[in-house]
Amino acid sequence: MTTSASVDLTIRDISSGAARGSTCSTTLLEAPWDVDAGPSTYGPGASQADPLPTGSPRQGQIPEAYRTASREELDARIRAAKAQLGERVVVLGHFYQRDEVVQYADYVGDSFQLATAAKARRDAEAIVFCGVHFMAETADLLSAPEQAVILPNLAAGCSMADMADIDQVEECWEQLMEVYGEEPDADGLAPIIPVTYMNSAADLKGFVGRHGGIVCTSSNARTVLDWAFARGRRVLFFPDQHLGRNTAKAMGIGLEQMPLWNPRRPLGGNDERTLQDAKVVLWHGFCSVHKRFTTAQIDQARAEHPDVRVIVHPECPMPVVDAADEAGSTDYIRKAIEAAEEPTTFAIGTEINLVQRLAAQHPQHTIFCLDPVVCPCSTMYRIHPGYLAWVLESLLEGEVINRITVGQDVAEPARLALERMLAAKPGAAPVDAEAPAPGKQAAGARP
Ligand code: 13P
Ligand code: SF4
């Protein structure tokens with residue numbers, strides 16, 4: 001594999017034979033609109049085999065001028081539009097976004113940092129979110145009502161987030177209430193507290209807000225589970241089974257107390273006894289990018305580089321996290337590399353755009369992705385400079401395109417669940433007197 005920062009260039013070099021290596025797809029390099037206009041799939045990339053739910057947002061065809069413009073022309077148009085818009089617009093770019101888009105971002109970060117950035121830029125009329133759908137929804141929840149959050153390509157979803165929908169979660173909750181009842185025990189603990197990963201639709205964040213629950217990210221999952229266990233006997237964790245399992249295991253919870261909930265089976269495929277004994281009920285969701293990492297890759301990295309430091313994201317399967325030296329969020333990985341004083345060899349288990357960018361930014365270290373196949377997050381990859389040029393030039397003409405808005409009925413409890421997360425502190429799990437009892441409607445004010 002080459003060491004170019006840009007995954008696009010790496011894929012281009014691999015496909016032309018200019019570089020050795022393999023890639024899972026070359027299709028998105030030039031024309032994502034062909035994928036958008038085609039049959040309903042996530043498109044090429046790590047999640048292409050995942051079934052796309054019916055009703056997922058579709059991106060209509062964008063004007064031909066943006067589809068046929070050269071890279072150089074798009075670059076000039078994006079820069080000119082941004083310069084003219086000035087402070088009226090803020091462009092956010094997720095760590096996993098391709099470099100060809102990240103170069104225009106005013107802020108680059110993880111989903112949590114970008115949500116905070118959205119909250120901090122109240123002066124901007126529009127927030128252009130170069131990430132995926134659930135991130136844009138979160139930005140809408142945390143920004144001012146008059147600010148428009150724009151997702152340049154509506155088809156930029158997240159296959160993991162789509163693995164839990166509100167109907168399935170409501171149905172699961174009903175069944176769990178039949179098993180556990182709704183009343184708190186003698187210690188005042190609720191039978192179960194719902195926790196949703198940030199990577200979920202806003203209506204799921206609203207669900208946990210309404211039922212005394214909370215949102216977590218990969219950087220605060222432990223703190224959030226402590227918060228939940230201060231209020232309940234058990235946790236329902238969705239949609240990512242791996243983040244839930246890895247975090248609960250690190251807290252000393254046994255695997256036998258973490259049954260998996262398959263939404264297509266009665267009681268999620270469990271018997272009542274198992275559910276009674278459970279501490280964490282794990283939803284059957286996963287990330288197709290992080291599922292690609294294996295212990296065999298770690299073994300190989302250690303064989304080839306005996307001093308290698310292996311850091312993986314907690315969305316990786318448990319055996320991979322156990323075999324790594326460290327596991328942490330995207331920001332943890334970035335900070336660990338920045339903090340290394342001596343030249344170090346790092347093998348990283350997370351999305352390739354971030355790994356290659358870190359490698360280019362830290363030439364004193366040897367940094368490579370554990371997965372030898374160059375296989376980006378296909379949904380993040382749906383945002384091409386052509387879409388960014390389209391939404392920015394439309395703003396100049398006074399037109400807001402692809403605005404992401406969370407309805408008020410969902411927004412209030414979803415904001416409450418996010419605010420509980422923002423207020424949760426490591427090591428402290430005070431029971432918040434204002435937190436509504438599970439099952440009661442929450443009243444949350446827009447911050
Ligand atoms: P972060 O929360 O670290 O930004 O990660 C988001 C994500 O999608 C990980 O796969
Ligand atoms: Fe979703 Fe995985 Fe892509 Fe993150 S890397 S946006 S969890 S599909």
Side-chain angles (χ1 to χ4, degrees), residues 7 24-25 28 41-53 56 92-98 102 105 107-118 129-139 151 153 155-164 196-201 204-205 215-221 223-224 238-244 246-247 283 285-293 311-317 320-321 327-336 348-355 357-358 369 371 375-383 418 421:
V7 170
C24 62
S25 171
L28 278 178
T41 67
Y42 283 108
S47 60
Q48 61 186 317
D50 295 336
L52 183 75
S56 283
L92 306 181
H94 189 268
F95 281 142
Y96 295 168
Q97 193 56 252
R98 58 171 99 190
V102 152
Y107 295 89
V108 181
D110 65 15
S111 58
F112 181 81
Q113 292 166 324
L114 294 180
T116 322
F129 211 123
C130 299
V132 295
H133 196 268
F134 73 80
M135 298 177 189
E137 282 187 326
T138 306
L151 184 64
N153 182 344
C158 162
S159 56
M160 177 215 278
D162 290 342
M163 287 174 191
T196 190
Y197 188 21
M198 183 74 103
N199 298 26
S200 59
L204 297 194
K205 295 184 176 82
V215 178
C216 78
T217 71
S218 53
S219 51
N220 61 19
T223 300
V224 164
F238 49 88
D240 185 22
Q241 58 171 297
H242 299 298
L243 178 63
N246 289 320
T247 310
W283 194 266
F286 56 83
C287 164
S288 295
V289 176
H290 290 92
K291 212 175 76 163
R292 293 181 58 87
F293 297 106
I311 313 184
V312 301
H313 194 280
E315 285 176 15
C316 292
V320 174
V321 169
S329 65
T330 46
D331 199 48
Y332 174 93
I333 295 169
R334 182 181 67 84
K335 285 188 179 134
I348 303 296
T350 197
E351 208 268 354
I352 186 72
N353 279 282
L354 174 59
V355 180
R357 189 173 309 123
L358 287 169
C369 185
D371 184 0
C375 192
C377 166
S378 53
T379 50
M380 196 74 74
Y381 215 71
R382 300 296 278 265
I383 297 185
L418 282 166
M421 174 187 81

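Whatever order the structure lists ligands and atoms in, that order sets their numbers, starting from 1. Below, each value reflects all heavy atoms present in this structure, side chains not excepted, and no hydrogens, waters or symmetry copies.
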Task: Sub-4.0 Å heavy-atom approach of Glu351 to ligand 1 - done: no
Open item on the list: Going by the closest heavy atom to atom 2 (O) of ligand 1, which one wins out of Cys377, Gly109, Ser111?
Closed with: Ser111
Open item on the list: Check contact between Met160 and ligand 1, using heavy atoms of the residue and a distance below 4.0 angstrom.
Closed with: no
Task: Close side-chain approach of Tyr197 to Pro239, heavy-atom, < 4.5 Å - done: yes
Open item on the list: Run the side-chain hydrogen bond (donor to acceptor under 3.5 Å, both in side chains) test on Ser288 and Asp50 for me, step by step, so that the C-alpha distance in whole Å, both residues' side-chain angles and the decisive distance to 0.1 Å come before the verdict.
Closed with: CA-CA 8 Å; Ser288 295; Asp50 295 336; 2.5 Å; yes
Task: Chi angles and distances behind the side-chain contact (heavy atoms from CB on, under 4.5 Å) call for Thr330, Thr350 - done: CA-CA 8 Å; Thr330 46; Thr350 197; 4.3 Å; yes
Task: Test side-chain contact (heavy atoms from CB on, under 4.5 Å) applied to Ile383 and Leu151, step by step - done: CA-CA 9 Å; Ile383 297 185; Leu151 184 64; 4.1 Å; yes
- [ ] Check for a donor-acceptor pair, side chain of Lys205 on one end and backbone N or O of Thr196 on the other, with a separation under 3.5 Å.
- [x] no
Open item on the list: Just to check, does Phe95 reach to within less than 4.0 Å of ligand 1 when the distance is taken from its heavy atoms?
Closed with: no
Task: Minimum side-chain heavy-atom gap Asp371-Ile352 below 4.5 Å - done: no
Open item on the list: Can you confirm whether Asp162 sits close enough to Ser56 that some side-chain heavy atom of one is under 4.5 Å from a side-chain heavy atom of the other?
Closed with: yes
Open item on the list: Quick check on Met198 - does any of its heavy atoms sit under 4.0 Å from an atom of ligand 1?
Closed with: no
- [ ] Without swapping roles, check the side chain of Lys291 against the backbone of Pro317 for a donor-acceptor pair under 3.5 Å.
- [x] no
- [ ] Verify side-chain contact (heavy atoms from CB on, under 4.5 Å) between Met380 and Asn353, making sure each step is shown before the conclusion.
- [x] CA-CA 10 Å; Met380 196 74 74; Asn353 279 282; over 6 Å; no
Task: Protein residue, atom and distance nearest to atom 10 (O) of ligand 1, heavy-atom basis - done: Glu315 OE1, 2.9 Å
TODO: Consider ligand 1: state whether an atom of it lies below 4.0 angstrom from any non-hydrogen atom of Asn199.
DONE: yes
TODO: In sequence, state the C-alpha distance, the side-chain angles, and the governing distance for Met421 and Thr217, and then conclude on side-chain contact (heavy atoms from CB on, under 4.5 Å).
DONE: CA-CA 9 Å; Met421 174 187 81; Thr217 71; 3.9 Å; yes
- [ ] Identify, for atom 3 (O) of ligand 1, the protein heavy atom at the shortest distance, and state residue, atom and that distance.
- [x] Thr330 OG1, 2.6 Å
Task: Side chains of Phe95 and Gln113 in contact at under 4.5 Å (non-hydrogen atoms) - done: yes
Open item on the list: Students should be able to answer this: which protein heavy-atom is nearest to atom 5 (O) of ligand 1, and at what distance?
Closed with: His94 NE2, 3.9 Å
Open item on the list: Below 4.0 Å, non-hydrogen atoms only: which portion of Asp110 touches ligand 1? Side chain, backbone, both or neither.
Closed with: both
TODO: Please report how many protein N/O/S atoms lie under 2.8 Å from atom 2 (Fe) of ligand 2.
DONE: 1
Task: His290: numbered ligand 1 atoms lying under 4.0 Å from its heavy atoms - done: 10 (O)
